[in-house]
Structure formats: C-alpha cells, structure tokens
Amino acid sequence: MNLTENAVKVLEKRYLSKDENGCLLEDPKGMFMRVAKAVALADKDFVSAKELKAIEQEFYDMMLNLEFLPNSPTLMNAGRPLGQLSACFVLPIEDTMEGIFETIKNAALIHKSGGGTGFSFSRLRQKGASVNSTGGVASGPVSFMKVFNAATEAVKQGGTRRGANMGILRVDHPDILEFISCKKDNSDITNFNISVGITEKFMSAVEAAGDYDLIDPHSGKTVGKLNARYVFDIIIDMAWNNGEPGIIFLDRLNKDNVTPELGNIESTNPCGEQPLLPYEACNLGSINLSLMIKNTDGVPEVDYDKLGNTARKAVHFLDNVIDVNKYPLPEIDEMTRGTRKIGLGVMGWADMLCKLNIAYNSQKAIALAEKIMHFIQEESRKASIELAEKKGVFPHYDKSIYKDLGIKIRNATTTTIAPTGTLSIIAGVSSGIEPLFAISYIRNVMDNDELIEVNPLFKQIAVIDGFYSDELMRRIANKGTIHGFPEIPKSVQSVFATSHDISPEWHVKMQAAFQRYTDNAVSKTVNLRNEATKEDVSEVFWHAYKTYCKGVTIYRDGSRDLQVLNIGKVKGKEQEATVEESVEIPTKCIIPRQRPDIATGFTEKVKIGCGNLYVTVNYDENGICEVFTNTGRAGGCPSQSEATARLVSIALRSGVDHKYIVEQLKGIRCPSTIRQKGLKVMSCPDAIGRLIEKVAKMQKGSDGLAAELSISDDQKFHGPTAKMYYEEECSACEGSVICEEEEVVNLESKATCPECGKAVEHEGGCVVCRNCGYSKCG
C-alpha cells in the first residue's frame, strides 16, 4: 500500500483492531479486508456466493487503492462486535423535562458508539417562560445546552472518538441573543459547534434594516421584536471573535427536503454538511479526486471513466452499510432504513487542481468543480436507480418527491461534501474541498531531530524545475506560504496557494460551486487571516447567502485556540516548544485583601420561596468587596445564604472578576421558587448574583443608569432598544494568559495540537492534526 508514515501512525492509533493489552490484531490491509467482508454481506440474499466474493474484492480494492474511503465509524467498527457504522445523527428535543433528558440519554448512547449528534433547541420555550406543570419558570435553551455539553464530556466515544454536537437555534427564538453569545468565552460549551438557523424572512429584514418577530415556540405567538441588522451584526461580531456561531439557511434545507411529508429539517450533523430529520442517520464516504486523473499525450486530465466507475461502486458500498449497520436506537434503525440516505463526497480536490496545473482561486477551478460534482451526482443517482431495480426503493418513497417525478430510486439522497480530516490523512491528500493547508512544515522525530515534511506534488515540481533545497523548504515552513519567494516561479506560486493565500470570496465561490450539484450540504471553512475585519466576515456571510449556499462557517486564524505556551527558546529550537517542554503556569497562594474600613453599598429586598431575603452588596475604590444576606422572620435558609455570601466576599477580595461569580450564581434554582411581578428570583444564590450584576453596572457610571436598571433583563434582550453588555478586557494584557508586573506570556499565533504540539487545521467547526490524527469538534 502507498501509505504515508503519518497514515500508518493514525491507523495504528485509532483504527486497527487491538487486543485487551493494546497489541495490534491487524494491519491496514487486514482492516480493509475486515470492512469489505462485513459490508459485502448485505448482498448475500441477492447474489451467488461467487458474485458475493467478487463484490467483496471490489470493495477491498477500492479502499486498498485509496480511491474511496467510508467515514471513520465504518472503518473502525465494520466486522467488529460494536458494528455501529454511521458518523452522524440528529435527535429531536421535546419541550418537557422528560423529553430533554431522554434525548441526553440517547445522545450518550450514540457518542458511546462512535457517532456525532445534531440538535435543534428551537422547540424549547424561552428563559423566564411559565411552566404550568410546576408553577415555575423555564431556564431556556442555553441552560440545557450546558447540560448536554457536560454529558458529552463524560462519554468517550468507543475509546476512539470524543463526542461532538451541533446546536442550532432559530433566529426568531426569543433567546436568540443569549444563544449567539453563549460561546463568547472559548472555554464554554466546548463539545458543541453552534449555528444560527437563518430564515429568508430574516435576511430580507436585514437587507431592509427592519425589525422581525420573535416567536414563543410553545404558543406560536409573537412575543417581541428585534432589529434584524442589529442581530446580524452580533452574529458577525461573535463569529469574528472565535468562529462561533456559523449560520444555517433553514428554508433552503427544507426547499431541498426530499421527504417533506415526514417533517421539516431543523438540524444538521456536527459539521453542518448533513441536514437530517429527527432520528435519521447518514452514512458518508469520499472519493479521492487526486487519483481520478489520467495522462493523455503527456497532458493530465480528469479520468471521467474511472471517476464514474468509482462513484457507482461507492454508492453500492454506502447503500450496503445501511443494511449491515447496528444502530444505537430502534427509532434510528427504523428512520434510517426508511429513507436510506447516503452522502458520497470527495477529498483531494486541491491536489487534483495542482496536478492539473489549475489555481484554486480561479474561474477555471470553479467551472471544473461544478462539472465534476455534477458528474458525480448524476452517476450516483444512476447507481441508486440501478440498485432500486434489484432491491427496491426506500420504504418512505411514497412520502417523497420522487413519487411525483416517477423516479424509482434506492436512496433519498446520494451526495454530501463532508470534512475528511483523518480520512484525508490516511489517503495522504488534501482535506475535502479545502485548499492546501501547508506546503512545508517541520516535524520533530526521535533524538530531537527535525524532519522537513513537504507536499509531495510541490516537491516533485521543485526538484524537476531545480529550485528545491532543504533550506528553502524550512523558510517556507516558517512563513506558511510560498508567495514572495523569488526562486519559485510565479506560475507555481499561483497553483500551490494555501488557505490564507486565497481571499474569502474564492472560498465561498468554491463552496457554492460544489453546492449546486450536491443533494445535502457542503462542509467548508472560510479560513481568514488574523487581521481580517468584521467587514470581511460580513462579506462572507452575504456572499454565501447570495450564492445559495446552505450554510457557512468562518475561522479567523488565532481567534479561538488554547495553545501550548513557551517563553523564549527551548533547547535550541527556534521559537518552538513541544507539549512535554511547555512552560507550566505557576500556581500561587492568594490571600484576600483586607476589608475596607468604609464601604458603599446597596440593599435589595426580594421574595424567595420561604420568605423575604435582604441582600447587601458593598464596594470601595477597588470594586465590589463583600456581600451580606439576612432573612426575614419567616425563616428560610440563613446558614446557607450566609455561607454563600461569605465565600463570594472572599472571592471578590481575592481578585476574581465578578462576572464569573455572577455566571455561577445566576440561574441556580430552589424547589421553593415563586413567581413575582417584574422580577424572577429562583433562589438565594440567584438573588445574590443578580444584585452583584446590578451594582457592577452602577459602578460603570453610565448616564441614565437608574432608567437602565429599571428595565428587566427580558426587555434588555428582547425589547425595541435591545443592547448587549460586553465586559471590557484589560488593554495592558490583551491576548495574555498571565498578567503580572514581572512578565507577560502571550499566546502564539498558530493553533497547536494538544497531543503532539504541531499545527492543526480548522474545518467545518472542527480541528484536525495532520501529524498525529487528533481531532475535536466544538
């Protein structure tokens, strides 16, 4: 096999079967044979034993030659006891406590089996809405997202993959502003990618700079309005800040919903490329385009015969996966077999362009993308129609658009462009339809030596044209691009453009070109330079909308990642530190400052379930310094509330930012919660948190503060004068993780892998390391 060193390493670490001691039981060929045998078994009732053996060999050869690879769960689990072969699922969330936690349980089972999950939280009533069954108030979608996130953190997927989720909220949900900003802090809700479900009506309102309605999901009634352009600007701000949220165009997903009688599409899988109905799963696989080339009289061109043959075999393979799959839930089994959706996509697109001497950011590349994907879509549908003649149409055919079209087809959908992070490492090619990530990079090997890794296509040209040298490759690795090197011909520089060499406009154009002939959706990250502006992000979103993309995700370099820190040089390596050599942040014993002799404060009386609570928050010239509580004669929990107040006071005088304390206290619920006119206090800690937040705002000394404090939280976020409050960062230590008089340690500009310390790629809301195969979504 033509496997790279990295491919072998990734396979051995994450894919190949092992015994209880971790010893390998198979090699890569053995893995492909295991998968081919298991998947071919779906044909045993339709063909002879000899024909079955031929199908098995056909599947094996296709994978062995790296012409096609299925999604990771199929490679990992086919022919093994777990037997769960699907990568992505969508689960519904009912607006009941029982329904919510039933979904959490089901998600945990899916994560355990190796799949990712997508959810729409749009059916959950907004924060503060009444709950008739208990007389209490709803805590809102974001609060439950945090519960889902915690459950995901606790479940390791089959020992090989960490759980990943997609969370979607409709833009007309009353809690939309809280959702948009819920991942402003990079450490929050880390197991989710989030996307705003955008409607055509909302985008029209943005264009007109008008208001749009916020809809109570429980009653269906309008409960407020927001200015559409204001909301759109906040989405842009947050996306610029750290790449979250992305946007999904819900009306477009449903316009292409091939089984509308089964329901509306409300969510997608974690990377956004697979819109699914509740309880649907999809089986994905990708054709290696870099191998779909032939030379005619010494001129490279697309080998459409080979491409068509591969597409037909791949459809057969993916359709078989549906039948041999062991689904984690009976509802998923029924629904997935009912629609039989598959998603055939591509990888190695950038490599194909390089072999054809076509620049990624060129109209020629866009035209070729449309032609190739149109061809794959047509061939995949033909293959599905042929399968229907042998095995029958999908069971929910009568609820599909194909019934009226008179097309007998086996699979409700056939094409999807998925991210191919680890699959592309195995195949040794570029990921999905993304541009090249790097031309050259340096990898540490044994004995503290460095190995220069160079894109093989570029190296071949560099050697032939006579400009290759290790010294040049090292300089390219340090710069991250080949642009600006006079020894490299301009024609080569244009063809071997990396992600940041390509303007955002061309990223979106490429996504739109593939989307035009893709049944489902396209996973593509618009990678922006660190210095990109919010206007650049806005242009990406508008361009995606105007070119009929179904969604879009951006990532601004260096905006989201937690990286290894280092100070100076490490053992002679120039500005480079491995995970093992990283500098640890020292832990210090913190002594709270003394309470001031004189302090100013405010006392607020609130009603709690067991009586009256009086909360006092005091501050001095250094900020909020203490909290006192006192309960009325009716009783209550004086010892617990006093203990909470004392601990909060110590934290405040120890330098803990009040916003983190407020975040922990607000929303804590007590069984004795009662509703009050104009104020919703859920518990003693909730009351403490709310008053700290008020006093903190008063300290800012804003004009019209009294009027501002008289407006309820709901009015601030949902009323006609809605505005967001952003905490200001210290300008003296912006971008730093340690701020002391002695030193400031800055984050490095490039994201690094937590396992091997090398640079990672961002794709579809996920990160993947091409050095060791590490990946994580959210």
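Quick note: residue numbers are just sequence positions, from 1. Just so you know, these numbers use all the heavy atoms, side chains as well, and skip hydrogens, waters and symmetry mates.
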For K534, does the NZ atom sit with more than 12 other heavy atoms under 6.0 Å from it, leaving out its own atoms?
-> yes

_Worked check of side-chain contact (heavy atoms from CB on, under 4.5 Å) between T414 and L344_ = CA-CA 6 Å; T414 61; L344 179 61; 5.9 Å; no

Q493 side-chain N/O to F485 backbone N/O, donor-acceptor pair under 3.5 Å
yes

message: Show, in sequence, the C-alpha distance, side-chain angles and deciding distance for R529 and D557, and conclude whether the salt bridge (Lys or Arg N to Asp or Glu O under 4.0 Å) test is met.
response: CA-CA 5 Å; R529 293 178 177 272; D557 187 41; over 6 Å; no

Practice problem: Taking atom types as modelled, find out whether E280 and T339 have a side-chain donor-acceptor pair closer than 3.5 angstrom. | Solution: yes

Sorted by chain and residue number, the side-chain contact (heavy atoms from CB on, under 4.5 Å) partners of E386 (sequence neighbours excluded) come out as none

Query - Candidate pair L291 and D303, rule side-chain contact (heavy atoms from CB on, under 4.5 Å), full reasoning - result: CA-CA 9 Å; L291 298 180; D303 189 342; over 6 Å; no

Residues at least two apart in sequence or cross-chain that pass side-chain contact (heavy atoms from CB on, under 4.5 Å) with A383, listed by chain then number, are R312, V315

The complete set of salt bridge (Lys or Arg N to Asp or Glu O under 4.0 Å) pairs with one or both residues in residues 362-378, sequence neighbours excluded, reads E370-R516

Between E471 and R475, does at least one N-O distance fall below 4.0 Å, as a salt bridge requires? yes

Practice task
Verify whether one side chain among S290 and N288 offers a donor that lies under 3.5 Å from an acceptor in the other.
Solution key: yes

Here the gap from Y555 atom OH to W240 atom CH2, rounded to the nearest 0.5 Å, amounts to 12.0 Å

_Quick check against the 3.5 Å criterion: does T74 have a side-chain atom that pairs as donor or acceptor with the backbone of L85?_
yes

- Task: Before giving the answer on salt bridge (Lys or Arg N to Asp or Glu O under 4.0 Å), spell out for D256 and K550 the whole-Å C-alpha distance, their side-chain angles and the decisive distance to 0.1 Å.
- Result: CA-CA 10 Å; D256 291 339; K550 293 184 178 179; 2.9 Å; yes

Sequence neighbours excluded, the answer for side-chain contact (heavy atoms from CB on, under 4.5 Å) partners of F437 is A759, E761

Applying salt bridge (charged side-chain N to carboxylate O under 4.0 Å, His left out) to K509 and not counting sequence neighbours gives E505

Contacts of K459 meeting salt bridge (charged side-chain N to carboxylate O under 4.0 Å, His left out) (sequence neighbours excluded), chain-then-number -> none

Quick check on N295: does its CG atom have over 12 non-hydrogen neighbours (other residues, nucleotides or ligands) under 6.0 Å away? yes

Applied to residues 505-539, the ring pair (Phe, Tyr, Trp, His ring centres under 6.0 Å) test, sequence neighbours excluded, yields W349-F514, H374-Y517

Sorted by chain and number, sequence neighbours left out, salt bridge (charged side-chain N to carboxylate O under 4.0 Å, His left out) with E273 holds for none

Polar contact flag, side-chain donor to acceptor under 3.5 angstrom, D319-N411: yes

query: Is any side-chain heavy atom of V302 closer than 4.5 Å to a side-chain heavy atom of L356?
result: yes

Rounded to the nearest 0.5 Å, the CG atom of L11 sits from the OG1 atom of T422 at a distance of 9.0 Å

Notebook entry, point to check: Does the side chain of E301 come under 3.5 Å of the side chain of T296 through a donor N or O and an acceptor N or O?
Noted result: yes

Is the shortest side-chain heavy-atom distance between T117 and P270 below 4.5 Å? no

The side chain to side chain donor-acceptor pair (under 3.5 Å) partners of D501 (sequence neighbours excluded) come to T481, T498

Check your understanding: Judged by modelled atom types alone, do D536 and T533 share a side-chain donor-acceptor pair under 3.5 Å?
Key -> yes

For this session: May I ask you to say whether R556 pairs ionically with E531, meaning some side-chain N is under 4.0 Å from a carboxylate O?
Result: no

>> Counting C-beta onward and ignoring hydrogens, is there a side-chain heavy-atom pair between F317 and E58 closer than 4.5 Å?
In response: no

Contacts of I461 meeting side-chain contact (heavy atoms from CB on, under 4.5 Å) (sequence neighbours excluded), chain-then-number -> D465, V492, F496

In short, ring pair (Phe, Tyr, Trp, His ring centres under 6.0 Å) pairs touching residues 522-553 with sequence neighbours left out are F232-W542, F249-Y545, W542-Y545

> Would you say the side-chain atoms of N254 pair up with the backbone N or O of N257, donor to acceptor, closer than 3.5 Å?
Replying inline: no

D519 meets the salt bridge (charged side-chain N to carboxylate O under 4.0 Å, His left out) criterion, sequence neighbours left out, with R381

